[in-house]
Engineer: 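Below you'll find the structure I mean.
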Amino acid sequence: MNTKAAVAVRMERQRVLCRGDHTFAMVLEESALRTRIGGAEVMAAQLGHLLVAASLPRVSLGIIPASVDRRMCPAEGFWVFDDDRVKVELVSAEVTVTQPQEIELYARTFAGMSALAVHGGPARNLITSAINSL
């Protein structure tokens with residue numbers, strides 16, 4: 001996929017945040033805010049975009065601080081789509097999970113991770129801190 005096509009796909013995904021009656025709940029590890037991929041300028045733009053997305057009325061953003069005491073390890077990237085499927089991102093493939101018991105396992109994992117996270121102002125403060133450290 002060329003750069004122009006990749007940008008078009010990303011822009012379409014972004015529009016979903018503002019259309020319809022969908023809601024989005026996301027949880028990130030603080031390390032995702034501080035791991036420099038693409039250099040300081042790219043990271044600053046990405047973190048700025050995250051601040052904008054977090055302010056949208058249909059978006060809930062949680063960030064798990066690096067300093068939090070935890071009983072669970074970070075999980076692979078996954079997306080829960082209501083009660084009917086989960087997409088899991090692996091190094092070698094994207095897996096779609098449709099078995100109700102497995103979907104429930106991912107929903108419980110998300111709930112546990114969300115409980116560890118800070119939201120609202122404290123989450124925005126972590127993003128701002130990451131921007132300021134660039």
Side-chain angles (χ1 to χ4, degrees):
M1 179 181 296
N2 66 35
T3 302
K4 191 174 186 177
V7 168
V9 168
R10 285 190 194 111
M11 294 304 290
E12 181 56 30
R13 273 190 264 155
Q14 185 172 322
R15 281 192 266 287
V16 171
L17 293 175
C18 301
R19 284 194 308 226
D21 59 352
H22 307 290
T23 58
F24 301 88
M26 298 169 257
V27 174
L28 302 173
E29 299 279 347
E30 183 179 2
S31 61
L33 307 177
R34 298 188 176 275
T35 302
R36 289 188 185 193
I37 298 176
E41 187 176 315
V42 170
M43 284 300 296
Q46 291 295 315
L47 293 168
H49 175 71
L50 195 55
L51 280 172
V52 170
S55 71
L56 296 172
R58 294 187 186 118
V59 174
S60 168
L61 174 66
I63 299 174
I64 301 172
S67 61
V68 75
D69 290 333
R70 31 184 346 145
R71 293 192 174 126
M72 63 188 310
C73 293
E76 65 275 355
F78 64 91
W79 294 262
V80 179
F81 296 89
D82 297 323
D83 295 329
D84 63 344
R85 70 189 154 106
V86 172
K87 288 211 178 242
V88 183
E89 188 175 273
L90 305 173
V91 171
S92 62
E94 183 178 274
V95 176
T96 300
V97 175
T98 57
Q99 294 298 315
Q101 315 87 300
E102 292 181 58
I103 293 171
E104 177 58 30
L105 177 61
Y106 280 99
R108 282 196 317 265
T109 299
F110 182 83
M113 293 174 71
S114 188
L116 294 172
V118 296
H119 298 82
R124 287 189 298 277
N125 289 344
L126 287 174
I127 298 167
T128 301
S129 173
I131 291 170
N132 291 338
S133 73
L134 293 173

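Residue numbers count from 1 along this sequence.
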Engineer: Determine whether more than 12 heavy atoms belonging to other residues, nucleotides or ligands lie under 6.0 Å from atom CG of N132.
Structural biologist: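 Yes, because the 6.0 Å sphere around CG of N132 holds more than 12 heavy atoms from other groups.
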Engineer: With side chains defined as the heavy atoms from C-beta onward, is the minimum distance between L33 and I127 less than 4.5 Å?
Structural biologist: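 Yes, at least one pair of side-chain atoms sits under 4.5 Å.
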Engineer: Determine whether R70 and I64 make a side-chain contact, defined as any pair of heavy atoms from C-beta on separated by less than 4.5 Å.
Structural biologist: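 When only atoms from C-beta onward are counted, I64 and R70 do touch, with a gap below 4.5 Å.
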Engineer: So R36 and L134, do their side chains get closer than 4.5 Å, heavy atoms only?
Structural biologist: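 Touching, per the 4.5 Å side-chain cut-off.
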Engineer: Looking at every heavy atom in both D83 and I103, which two are closest together, and how far apart are they?
Structural biologist: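 Smallest heavy-atom distance, with atoms named: O-CD1, 3.6 Å.
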Engineer: Report yes if some heavy atom in the side chain of S60 is under 4.5 Å from a heavy atom in the side chain of T23; otherwise report no.
Structural biologist: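 A side-chain contact is absent here, since even the closest heavy-atom pair is not under 4.5 Å.
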Engineer: Should the heavy atoms of other residues, nucleotides or ligands under 6.0 Å from CZ of R124 be counted, would the total exceed 12?
Structural biologist: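 Incorrect, the count does not exceed 12.
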Engineer: Given side chains that start at C-beta, do those of F24 and L56 come closer than 4.5 Å, heavy atoms only?
Structural biologist: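 No - every pair of side-chain heavy atoms lies 4.5 Å or more apart.
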Engineer: Does any part of the side chain of V97, heavy atoms only, come nearer than 4.5 Å to the side chain of F78, both counted from C-beta?
Structural biologist: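 Side chain of F78 against side chain of V97, heavy atoms only: no contact under 4.5 Å found.
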Engineer: Same cluster or not: V118 versus L51, using hydrophobic residues (I, L, V, M, F, W, Y) connected whenever any side-chain heavy atoms lie under 4.5 Å apart?
Structural biologist: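 Linked, V118 and L51 end up in one cluster.
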Engineer: Does L90 offer a backbone N or O that forms a donor-acceptor pair with the side chain of E76 under 3.5 Å?
Structural biologist: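 Such a contact is absent between E76 side chain and L90 backbone.
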Engineer: Any side-chain to backbone donor/acceptor pair from S129 onto N125? Under 3.5 Å, distance only.
Structural biologist: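 Flag not set: sc S129 to bb N125 has no pair under 3.5 Å.
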Engineer: Distance from I63 atom CD1 to M26 atom CE, nearest 0.5 Å?
Structural biologist: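 That separation rounds to 10.5 Å.
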Engineer: State whether the side chain of T35 and the backbone N or O of S31 hold a donor-acceptor pair below 3.5 Å, judged by distance alone.
Structural biologist: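 Confirmed, T35 side chain pairs with S31 backbone.
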